[in-house]
Asks: 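Below is a structure I'd like to ask you about.
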Amino acid sequence: PTPTRRALQVTGATVSERANLGWTVRYTLRFDDDVEVEYSVTRQQADGPLGLDIGQRIYLYVKPDAMMGFEPEDIDSAPVL
């Protein structure tokens with residue numbers, strides 16, 4: 001069978017960090033090309049089915065419009081306030 005378009009956009013990542021921030025938990029996910037993204041859930045979600053472990057391998061789908069790209073020089077040139 002031919003894979004669906006959505007199946008083609010699934011990619012693997014590894015959970016590299018977990019930060020407990022009171023009522024939320026923020027995870028850092030590292031893709032195979034070393035790009036990192038952050039994923040935040042409520043504490044209740046993290047203690048349930050959306051909870052992840054550091055080092056866990058996950059596979060996810062990210063909607064393209066949910067990503068915000070940038071060029072490294074854009075960050076380097078931003079003023080520090």
Side-chain angles (χ1 to χ4, degrees):
T2 304
T4 64
R5 179 183 159 136
R6 182 177 177 126
L8 294 174
Q9 295 175 345
V10 172
T11 189
T14 302
V15 180
S16 60
E17 294 180 33
R18 175 187 165 127
N20 297 317
L21 305 171
W23 59 274
T24 63
V25 175
R26 183 180 63 221
Y27 296 99
T28 301
L29 310 176
R30 180 174 291 138
F31 294 102
D32 294 338
D33 61 359
D34 288 330
V35 170
E36 292 184 332
V37 297
E38 292 179 347
Y39 166 68
S40 296
V41 295
T42 65
R43 165 83 52 199
Q44 183 178 12
Q45 291 170 320
D47 291 341
L50 297 180
L52 304 172
D53 296 317
I54 294 175
Q56 181 178 353
R57 183 74 173 163
I58 62 170
Y59 296 88
L60 61 147
Y61 168 79
V62 179
K63 294 180 191 178
D65 59 347
M67 300 298 289
M68 180 174 46
F70 62 89
E71 296 296 327
E73 54 271 4
D74 293 340
I75 293 176
D76 293 337
S77 66
V80 177
L81 302 175

Asks: Give me each pair satisfying salt bridge (Lys or Arg N to Asp or Glu O under 4.0 Å) with a member in residues 38-62, each pair once, sequence neighbours excluded.
Replies: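 Counting only pairs at least two positions apart or across chains, the salt bridge (Lys or Arg N to Asp or Glu O under 4.0 Å) contacts touching residues 38-62 are R26-E38, D32-R57.
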Asks: Please say which of L29, I54, T28 ends up in a side-chain contact (heavy atoms from CB on, under 4.5 Å) with E17.
Replies: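 Of L29, I54, T28, side-chain contact (heavy atoms from CB on, under 4.5 Å) with E17 is met by T28 alone.
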Asks: Measure across Y27 and A46 and return the closest heavy-atom pair with its distance rounded to 0.1 Å.
Replies: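 Closest approach of Y27 to A46: OH-CB, 3.6 Å.
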Asks: My understanding is that only residues two or more places apart in sequence, or in another chain, count here; which of them pass side chain to side chain contact (heavy atoms under 4.5 Å, CB included) with L50?
Replies: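 In terms of side chain to side chain contact (heavy atoms under 4.5 Å, CB included), with neighbours along the sequence ignored, L50 is linked to Y39, V41, Q45.
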Asks: List for me each residue that meets salt bridge (charged side-chain N to carboxylate O under 4.0 Å, His left out) alongside E36, sequence neighbours excluded, and say none if there are none.
Replies: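 Salt bridge (charged side-chain N to carboxylate O under 4.0 Å, His left out) list for E36, sorted by chain: R30.
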Asks: Hydrophobic cluster membership, with links at side-chain heavy-atom distances under 4.5 Å among I/L/V/M/F/W/Y: are L52 and L21 in one?
Replies: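 No, no single cluster joins them.
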Asks: Please name the pair of heavy atoms, one in F31 and one in A13, separated by the smallest distance, quoted to 0.1 Å.
Replies: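 Looks like CD2-CB, 3.8 Å.
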Asks: Mark yes when over 12 heavy atoms from residues, nucleotides or ligands other than Q44 sit less than 6.0 Å from its CD; otherwise mark no.
Replies: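 No.
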